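Only one structure is covered here, and it is reproduced in the block below.
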2 protein chains.
Amino acid sequence: MSVATMASANDLRNLALETFKPLPSTVPAVKDNPITDAKIELGKALFFDPRMSASGVFSCNSCHNLATGGDDNLETSIGHGWQKGPRNAPTALNSVFNEAQFWDGRAADLAEQAKGPVQAGVEMANTPDNVIATLTSMPQYVDWFKAAFEGEADPVTFDNFAKAIEAFEATLITPAPFDAWLNGDDQAMSELQLAGLEKFIDLGCASCHSGVNVGGHGYYPFGLIEKPGADVLPEGDKGRFAVTETVDDEYVFRASPLRNIALTAPYFHSGKVWDLKVAVEIMAESQLGEEIDGETADQLVAFLDSLTGALPTVTYPVLPAETAATPRPTGEVVPN
Amino acid sequence: MSVATMASANDLRNLALETFKPLPSTVPAVKDNPITDAKIELGKALFFDPRMSASGVFSCNSCHNLATGGDDNLETSIGHGWQKGPRNAPTALNSVFNEAQFWDGRAADLAEQAKGPVQAGVEMANTPDNVIATLTSMPQYVDWFKAAFEGEADPVTFDNFAKAIEAFEATLITPAPFDAWLNGDDQAMSELQLAGLEKFIDLGCASCHSGVNVGGHGYYPFGLIEKPGADVLPEGDKGRFAVTETVDDEYVFRASPLRNIALTAPYFHSGKVWDLKVAVEIMAESQLGEEIDGETADQLVAFLDSLTGALPTVTYPVLPAETAATPRPTGEVVPN
């Protein structure tokens with residue numbers, strides 16, 4: 001590499017470091033939830049346990065599948081009674097670094113988020129009481145809660161259930177070539193990927209998709225410049241408006257975190273776009289008012305590929321066996 | 001331990017070894033399917049991949065969940081379109097040692113078995129063509145098939161898909177306290193468990209539930225002496241009759257393999273009995289004409305507990321990402 005190229009690589013890196021941050025090498029601290037090995041292990045068991053759903057069919061991992069990029073690769077998830085969820089399932093990977101959770105940021109953190117799908121009628125259709133009855137019926141789970149929440153008189157609670165899942169999810173960090181490059185390894189990204197990174201910054205993508213998760217913070221109208229078609233942006237889903245009830249928040253969503261985006265098609269909250277290049281083109285037009293050419297789109301996709309990271313090794317858990325006291329699963333669909 | 005007790009322990013062990021066999025310490029050879037590491041790894045990926053189902057919701061592991069005893073702990077499985085399967089899902093653990101697969105033994109081996117649920121309309125509702133189209137759309141899968149079936153001109157076939165799953169399942173062997181005891185460790189089983197083993201042999205349970213899997217071979221009428229009620233033995237399911245069309249095979253089923261039975265409630269092909277002690281009492285009455293007392297039932301259950309084994313460590317796989325060519329999932333229910 002010539003001195004000039006090295007200098008320009010370093011310029012780009014310095015520019016990038018003003019906007020992005022590499023993933024840390026350690027599990028981040030989480031507010032009000034000290035992370036311990038016991039809590040991580042308990043959270044992993046809960047994350048993979050289908051008995052946390054009313055039917056016994058769905059676990060957290062069903063829709064946030066760690067084998068397939070931390071999501072389910074469906075338009076919108078299929079849940080209890082074969083009902084379809086309203087929005088595309090976001091990845092659980094690196095989600096600890098998001099400012100808030102869900103497409104509309106309605107949960108402040110992963111512990112709050114974890115309580116949602118368990119109770120949603122179209123997802124796991126369970127109740128906190130039934131979750132706790134299920135957990136307390138299995139002595140091994142009670143022991144695990146005691147170890148994870150040492151010193152608490154009544155450790156098996158719905159709050160602690162959520163905290164344990166948050167602790168496990170905090171470990172789902174996926175260092176990628178982009179991190180290696182940010183950390184100084186010039187060889188970690190290809191020329192095409194670096195060209196894509198330059199475009200990503202120059203065009204303005206990085207104004208919203210920034211920080212450690214290349215997004216995951218800040219709220220913006222989908223269709224800032226030009227509204228996408230109703231197939232991609234269905235009229236009925238007004239985004240953050242449902243949270244804030246402020247007219248300004250109509251069709252506003254949290255800027256998507258882009259780590260592992262190449263693994264998590266289909267795209268957008270509607271899950272209507274399967275091709276990452278098409279998604280990039282729609283974004284350029286709707287958010288930046290730019291009609292980008294094919295070469296630019298390819299460069300941007302190449303950059304996004306450099307955000308595909310490696311998951312830490314997850315040993316599949318062996319879960320406690322039910323007892324006579326364990327509530328029985330039911331696939332019955334109870335109308336609201 | 002006195003010399004007399006030791007002698008009696010050895011007598012019981014010698015008696016048991018005439019009927020049972022401890023699990024081997026190595027993965028067993030499988031007919032026409034040499035087991036290699038590459039094939040095991042491919043099979044693991046396929047076993048956990050929900051994209052093997054039409055909907056993208058169900059993997060083999062959904063109903064044969066390695067976290068919960070290799071089954072789904074449901075009466076009968078819930079599958080495509082929220083349809084209920086006709087029979088309780090049997091465990092995948094140690095299934096390589098069964099003489100034949102399914103409750104009625106209609107599949108000669110695990111490779112043949114693996115082709116069933118993928119195509120069953122109420123389970124994964126997929127077609128061999130769509131499975132192959134899905135697999136060939138992902139270059140990483142094609143490479144894995146090439147490595148697992150070296151030298152084959154066209155390695156990505158439905159037959160090889162099934163063989164790879166069989167290879168992975170052949171590794172799902174769970175050595176239990178009973179094996180340690182059969183292998184000579186007097187301390188591995190409790191007095192109660194040993195008393196249960198004696199009763200298991202004396203009463204005649206072991207006439208059908210024998211061999212390495214304590215069952216899993218031989219076909220017997222359910223209700224040999226006295227038919228259980230229609231709740232447990234529904235009239236509409238005539239068992240092996242559907243396979244052989246021989247009147248003698250009405251309500252005939254393969255003797256259930258009993259390893260890990262304590263983890264795999266509910267019981268029987270109908271999945272109607274949740275309590276292992278009740279299941280034992282029903283068996284004693286229907287197959288042996290014995291009304292056993294509570295103490296005997298407890299001893300038998302204790303023996304069955306000694307068949308709960310340890311699964312080898314399974315690292316959760318990271319699966320290849322879809323491409324533009326990957327067939328899209330569909331949850332649509334197509335009538336037969």
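Just so it is clear, the values below take in all heavy atoms, side chains as well, and ignore hydrogens, waters and symmetry mates. Letters A, B, ... mirror the listed sequences (proteins, then strands); counts begin at 1. Keep in mind the model is a prediction, meaning the values are calculated, not measured.
Atoms CD1 and NE2, from Ile78(B) and His80(A) in turn, are 7.5 Å apart once rounded to the nearest 0.5 Å. Remark: Thr68(A) OG1 to Glu322(B) CD distance equals 7.0 Å, nearest 0.5 Å. Here the straight-line distance linking atom CZ of Arg51(A) with atom CG of Asn73(B) works out to 6.0 Å at 0.5 Å rounding.
Looking at Ser55(B), both its backbone and its side chain come within 4.5 Å of chain A, counting heavy atoms on both sides. Both the backbone and the side chain of Val314(B) come within less than 4.5 Å of a heavy atom in chain A. For Ala45(B), no part sits under 4.5 Å from any heavy atom of chain A, backbone or side chain.
The side chain to side chain contact (heavy atoms under 4.5 Å, CB included) test with Tyr316(A) singles out one residue from Thr315(B), Asn61(B), Leu311(B), and that residue is Asn61(B).
Judged purely by atom type and a 3.5 angstrom limit, Trp274(A) has no side-chain atom pairing as donor or acceptor with the backbone of Thr326(B). For the pair Trp82(A) (side chain) and Gly331(B) (backbone), a donor-acceptor distance under 3.5 Å is present.
Heavy atoms from other residues, nucleotides or ligands lying under 6.0 Å from CG of Asp275(A) number more than 12. Dense packing is recorded around CG of Asp143(A), with more than 12 heavy atoms of other residues, nucleotides or ligands lying under 6.0 Å away.
With contacts defined as side-chain heavy-atom distances shorter than 4.5 Å, the pair Asp72(B)/Pro50(A) does not qualify.
Per-residue counts of heavy-atom pairs under 4.5 Å with chain B were compared for Pro329(A), Ala262(A), Ala67(A); the largest is that of Ala67(A). Of the listed residues (Pro317(A), Ser59(A), Pro320(A), Ala321(A)), the greatest number of heavy-atom pairs within a distance under 4.5 Å of chain B belongs to Pro317(A). Of all the listed residues (Pro266(A), Gly81(A), Ala324(A), Ala265(A)), the one sharing the greatest number of non-hydrogen pairs under 4.5 Å with chain B is Gly81(A). Most heavy-atom pairs under 4.5 Å with chain B: of the set Val333(A), Thr264(A), Val57(A), this distinction falls to Val57(A).
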Worked verdict on Leu319(B) versus Asn65(A) for side-chain contact (heavy atoms from CB on, under 4.5 Å): CA-CA 10 Å; Leu319(B) 299 173; Asn65(A) 195 327; 5.8 Å; no
Walk me through it: do Leu66(B) and Val318(A) pass the test side-chain contact (heavy atoms from CB on, under 4.5 Å)? CA-CA 7 Å; Leu66(B) 304 186; Val318(A) 172; over 6 Å; no
